[in-house]
Protein chains: 2
Amino acid sequence: MARAGLTPERLAQEGAELADELGFDEVTVSALARRCGVKVPSLYSHVRNSQDLRTRIALFALEELADLAAAALAGRAGKDALVALADVYRDYAREHPGRYAASRFPLSPEAAAASAGPRHSQMTRAVLRGYDLTEPDQTHAVRLLGSVFHGFVSLELAGGFSHSAPDSRESWSRALDALDALLRNWPAN
Amino acid sequence: MARAGLTPERLAQEGAELADELGFDEVTVSALARRCGVKVPSLYSHVRNSQDLRTRIALFALEELADLAAAALAGRAGKDALVALADVYRDYAREHPGRYAASRFPLSPEAAAASAGPRHSQMTRAVLRGYDLTEPDQTHAVRLLGSVFHGFVSLELAGGFSHSAPDSRESWSRALDALDALLRNWPAN
DNA sequence: TGCACCCGCCTAAGAGTATTAGGCAAATGC
DNA sequence: GCATTTGCCTAATACTCTTAGGCGGGTGCA
């Protein structure tokens with residue numbers, strides 16, 4: 001019988017594509033086996049179980065997203081950097097909704113610590129270097145930015161902003177303007 | 001055979017409790033049947049299928065959450081109202097994580113229109129009456145507030161803010177301060 | 001009060017998914 | 001060139017979802 005050349009890495013990548021096509025919730029061991037032209041139990045040589053598979057896809061997506069963010073941030077500062085980082089998240093979610101959903105998959109504390117998650121918060125912190133915040137305000141701002149990015153993208157993806165004027169892109173741009181203004185003039189405690 | 005007295009409404013409510021106990025993703029027809037002390041197929045006299053069951057739980061949670069928000073908003077205005085509304089969402093998510101997750105369940109456009117969803121945006125608009133915004137800025141602000149509320153609550157629930165100082169409650173309070181400041185001084189286009 | 005009907009719950013059965021155990025053959029290493 | 005490892009397979013079990021069809025108790029009408 002011909003070998004399909006499966007590896008945990010390749011399964012994570014194929015799983016990510018499957019997620020974009022069907023939705024992350026539809027990424028099942030069976031569906032992935034079908035896509036790889038292999039019987040279901042064969043996957044168990046490469047991933048421990050369904051949970052492990054999802055975790056690998058999540059880690060893959062987090063890494064890919066962090067790489068995109070790092071590239072977008074290079075050579076930018078201030079509002080320019082803020083918008084660039086924000087757009088990376090929004091564009092990724094729109095182009096790869098399944099992978100974006102995967103990146104929200106709950107990880108164990110150990111897995112989260114070893115993931116690209118810390119890179120994401122470091123990059124948000126880097127954006128804040130363009131503004132004049134010191135701890136603990138910087139941490140509060142990191143959390144606020146993360147909340148707006150994830151919240152907006154996730155509501156937009158769920159269709160919460162569709163079918164009503166004005167265009168959600170316009171709201172996105174105004175939200176980023178507002179965040180920039182806010183960070184430049186962060187309210188004292 | 002004794003009648004269990006099942007109704008679609010009661011199933012939605014029991015399902016909501018099950019969601020809080022096990023997580024919304026674990027709310028299955030089988031688990032709900034077990035909880036109600038009946039055989040699985042019995043549920044199909046009351047709900048069309050698993051998707052229908054989840055939808056009913058989502059509608060129940062949206063309604064309950066809207067009722068809580070309406071009660072919290074009564075007699076408040078300005079920042080007071082902003083904080084009250086925001087706290088309703090955060091507290092609900094912390095006390096009823098499964099129901100909160102259910103309230104994010106994707107609804108068909110018709111179901112969404114008939115749900116308590118519109119009440120939620122109306123209440124956010126009502127909060128904005130305490131600030132000086134006109135359309136389309138008001139819509140942009142509604143979307144921004146929704147993004148921050150959902151984004152923060154969802155990241156906090158996923159553990160994104162845990163295990164690191166400062167306390168996430170502090171960040172929440174600072175985020176609301178920031179939003180209030182922002183709305184009082186909304187940047188011109 | 002008696003009876004027919006309906007409705008609520010049941011058993012039976014088929015399909016899909018997750019997972020484990022064990023086998024065979026192709027690739028790998030000495 | 002042979003032994004071992006490794007990759008994929010079949011077989012089997014368990015659980016969930018869903019449909020079909022049966023039985024009996026509660027309800028409504030005479």
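So that the names make sense, note that chain A is the first sequence line, chain B the second, and so on, each numbered from 1.
- With sequence neighbours left out, His46(B) forms a ring pair (Phe, Tyr, Trp, His ring centres under 6.0 Å) with no residue at all.
- No donor-acceptor distance shorter than 3.5 angstrom exists from the side chain of Ser173(A) to the backbone of Arg169(A), with no hydrogens or angles considered.
- With hydrogens and angles left out, the side-chain atoms of Glu135(A) and Thr139(A) include a donor and acceptor closer than 3.5 Å.
- Remark: Asp67(A) CG is packed, more than 12 non-hydrogen atoms of other residues, nucleotides or ligands lying under 6.0 Å away.
- Dense packing is recorded around CG of Asn49(B), with more than 12 heavy atoms of other residues, nucleotides or ligands lying under 6.0 Å away.
- Distance Asp25(A) CG to dA18(C) C1': 16 Å, rounded to the nearest Å.
- Under a 3.5 Å cut-off, the side chain of Asp137(B) and the backbone N or O of Trp186(B) do not form any donor-acceptor pair.
- Side-chain contact of Tyr92(B) with Glu64(B): a donor-acceptor pair under 3.5 Å is present, judged by distance alone.
- Other residues, nucleotides and ligands place more than 12 heavy atoms under 6.0 Å from the CZ atom of Arg10(A).
- In the region residues 43-56 of chain A, proximity to DNA chain C at under 4.0 angstrom, judged on heavy atoms, holds for Tyr44(A), Asn49(A), Ser50(A).
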(message) Please encode protein proximity along nucleotides 10-16 of chain D as a string of B, S and -, counting only heavy-atom distances under 4.0 Å.
(response) BB----S

